Amino acid sequence: TEPPLNPISNRIRTTQIYLEYFETPSIYFVPPSVLALYASGRLSGCVLDSGHGVTSCTPIVDGYAMPHGVSRMDIGGQHITEYFAFILSKMGEYHFQTTSELQTVRMIKEEQCTLNAFEVDTMLHPN
């Protein structure tokens with residue numbers, strides 16, 4: 001897989017390494033968002049991918065990512081965790097500064113601040 005908006009120079013260098021050093025017979029690059037959409041059984045859609053430090057939105061039509069429509073924000077899970085720690089510290093006498101304290105905040109965030117796609121779908125389409 002390759003990240004969205006990956007420069008052509010990176011793709012060329014990666015291809016060169018795989019074909020020459022590892023002697024692979026062929027190579028095919030595909031954005032992870034396309035694979036995520038395939039996994040859901042769809043060929044067209046919009047995939048929102050939020051990672052540790054980056055969030056990207058990729059429109060996909062008939063199995064092909066539309067590079068001109070990709071948007072990227074340098075905000076990810078790490079930033080949400082830091083903001084969550086800031087909110088908690090403003091609410092009381094909590095001060096999250098060490099790595100282990102921020103890990104605790106991350107665990108709270110991941111356990112309590114989740115979005116269940118099935119519940120959202122049920123709310124939107126109550127049949």
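These figures come from a predicted structure and were not determined experimentally.
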So does [Y] get a backbone contact from the side chain of [X], meaning a donor-acceptor N/O pair under 3.5 Å?
{"X": "Ser44", "Y": "Asp62", "value": "yes"}
{"X": "Thr55", "Y": "Gly51", "value": "no"}
{"X": "Lys109", "Y": "Gly77", "value": "yes"}
{"X": "Glu110", "Y": "Met107", "value": "no"}
{"X": "His125", "Y": "Thr122", "value": "no"}

Taking a hydrophobic cluster as the set of Ile, Leu, Val, Met, Phe, Trp and Tyr residues connected by side-chain heavy atoms closer than 4.5 Å, whether directly or through intermediates, do [X] and [Y] fall within one such cluster?
{"X": "Leu102", "Y": "Ile80", "value": "no"}
{"X": "Phe86", "Y": "Phe96", "value": "yes"}
{"X": "Met66", "Y": "Leu5", "value": "no"}
{"X": "Leu19", "Y": "Tyr28", "value": "no"}
{"X": "Leu43", "Y": "Val47", "value": "yes"}

Starting at [atom1] of [X], measure out to [atom2] of [Y] and round the result to the nearest 0.5 Å.
{"X": "Asp74", "Y": "His79", "atom1": "CG", "atom2": "NE2", "result": "7.5 Å"}
{"X": "His95", "Y": "Glu101", "atom1": "NE2", "atom2": "CD", "result": "10.0 Å"}
{"X": "Cys57", "Y": "Arg72", "atom1": "SG", "atom2": "CZ", "result": "13.5 Å"}
{"X": "Ser56", "Y": "Asp49", "atom1": "OG", "atom2": "CG", "result": "4.5 Å"}

Verify side chain to side chain contact (heavy atoms under 4.5 Å, CB included) between Thr14 and Arg11, making sure each step is shown before the conclusion. CA-CA 5 Å; Thr14 302; Arg11 188 182 299 175; 5.8 Å; no
Considering all heavy atoms of both residues, which atom of Tyr94 and which atom of Ser89 are nearest to each other, and what is their separation?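 Taking Tyr94 first and Ser89 second, the nearest heavy atoms are O-CB, 3.0 Å.
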Residue pair Ala65 / Thr58: nearest heavy atoms and the distance that separates them: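 Result for this residue pair: CB-CG2, 3.9 Å.
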Side-chain heavy atoms of Phe29 within contact of Thr15, under 4.5 Å: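 SC-SC contact between Phe29 and Thr15 confirmed.
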Should Ile60 and Cys46 be marked as a side chain to side chain contact (heavy atoms under 4.5 Å, CB included) after you check the CA-CA gap, both sets of side-chain angles, and the distance that decides it? CA-CA 6 Å; Ile60 300 167; Cys46 187; over 6 Å; no
Taking the six-membered ring for Trp, are Tyr18 and Phe22 parallel (under 30°), tilted (30 to 60°) or perpendicular (over 60°)?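 Geometry flag for Phe22 against Tyr18: tilted rings.
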